[in-house]
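Note that ligands are numbered from 1 as they come in the structure, with each ligand's atoms numbered from 1 the same way.
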Amino acid sequence: MIMDFGGRALDMGRCHVMGILNVTPDSFSDGGRFNRPDIALMHAREMVAQGAAFVDVGGESTRPGAAPVSLQVELDRVCPVVELIARELDVVVSVDTSTPEVMIETAKLGAGLINDVRALGRDGAVEAAVASGLPVCLMHMQGQPTDMQDRPQYQSVMREVSAFLMDRVRVVEAAGLPAEKILLDPGFGFGKTLEHNLQLLAVLDRLKVLGYPLFVGASRKSMLGQITGRDVNERLPAGLAVATIAALKGASILRVHDVWETVDAVKVVSAMEGVGQ
Ligand SMILES: Nc1nc2[nH]c(SCCc3ccc(S(N)(=O)=O)cc3)nc2c(=O)[nH]1
């Protein structure tokens with residue numbers, strides 16, 4: 001299934017790697033080393049050289065406890081970086097935002113994907129996404145970053161995550177977003193305990209049957225630390241295990257910090273899947 005990302009066509013039947021480019025000062029794992037556009041461009045260039053098909057530019061931290069940022073701060077952080085990368089590199093620029101004005105502005109500057117951890121929940125976000133003409137990743141989050149990890153609870157996490165995402169699909173399609181511009185994401189670490197995250201990973205293929213490309217982001221997250229006891233910058237092996245599982249279960253986009261390592265893990269899965277019987 002070929003999807004058009006602002007003019008760049010990618011086969012969602014394959015698994016692609018998205019490199020994370022945080023332009024927030026308090027990013028949970030890379031401490032805001034990429035705030036300046038020229039430094040961000042260098043990092044993006046390196047990730048593309050390592051095989052990233054996407055780079056994800058986020059100006060508002062959504063890690064647990066993070067407070068929202070003002071519109072102007074988010075625009076100032078994201079727009080110069082999106083414009084520079086879209087102009088200089090052959091890559092799909094994804095924008096990690098829930099803010100309608102940021103969606104519209106970055107689409108004009110060359111963004112190719114809207115990645116909204118709030119599934120277009122903010123006022124005006126659905127209309128902005130439709131107007132942008134870009135594909136949208138709809139992600140599940142229970143609560144908000146400020147409180148989502150306080151007491152996550154579900155009767156059946158996959159059933160509730162699937163129901164939420166299908167409801168959002170219904171809303172955005174009714175508003176004019178075509179089905180072929182929608183990706184879905186269970187939202188690892190967004191209002192989930194370790195058990196919830198593992199249950200979602202175990203039955204990720206059930207999300208696949210909804211018929212939309214799957215987006216998975218678990219890189220360096222606390223679920224990996226809880227399983228291995230490793231600190232945030234020592235979670236690559238565990239992250240590659242999740243990437244491999246997700247690729248095997250049919251994920252189309254993996255959002256990671258460690259690009260070439262993940263590209264190689266995906267290559268092993270693709271090689272196995274591609275071999276004649
Ligand atoms: N589509 C999509 N976009 C994303 N953007 C982010 S930012 C990560 C925020 C964060 C950091 C750390 C933890 S924790 N407590 O589990 O370690 C949770 C959330 N993530 C994702 C994701 O997955 N999908």
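Contacts between Asp96 and ligand 1 below 4.0 angstrom, taking non-hydrogen atoms only, involve the side chain exclusively. Residue-level proximity to ligand 1 for Arg255 is carried by the side chain, the only part with a heavy atom below 4.0 angstrom. Here Ser222 has heavy atoms under 4.0 Å from ligand 1 in both its backbone and its side chain. Residue contacts with ligand 1 for Asp56 are absent, since no atom lies close enough (heavy atoms, distance under 4.0 Å). Contact annotation: for Asp185 versus ligand 1, heavy atoms closer than 4.0 Å belong to the side chain alone.
Those atoms of ligand 1 with a heavy atom of Val117 less than 4.0 angstrom away are 3 (N), 4 (C), 5 (N).
Proximity annotation for atom 20 (N) of ligand 1: of Lys221, Lys192, Met141, Lys221 comes nearest, heavy atoms only. For the residues Met139, Arg63, Gln149, the heavy atom positioned nearest atom 11 (C) of ligand 1 is part of Arg63.
Between Phe188 and ligand 1, not a single N/O pair is under 3.5 Å apart. For ligand 1, the polar-atom distance check finds an N/O of Asn115 within less than 3.5 Å of one of the ligand's N/O atoms.
Lys181 places a side-chain N or O within 3.5 Å of a backbone atom of Gly133 that can act as its donor or acceptor partner.
Checked options Val256, Leu21, Asp56; the residue passing with Met47 is Leu21 (criterion: side chain to side chain contact (heavy atoms under 4.5 Å, CB included)).
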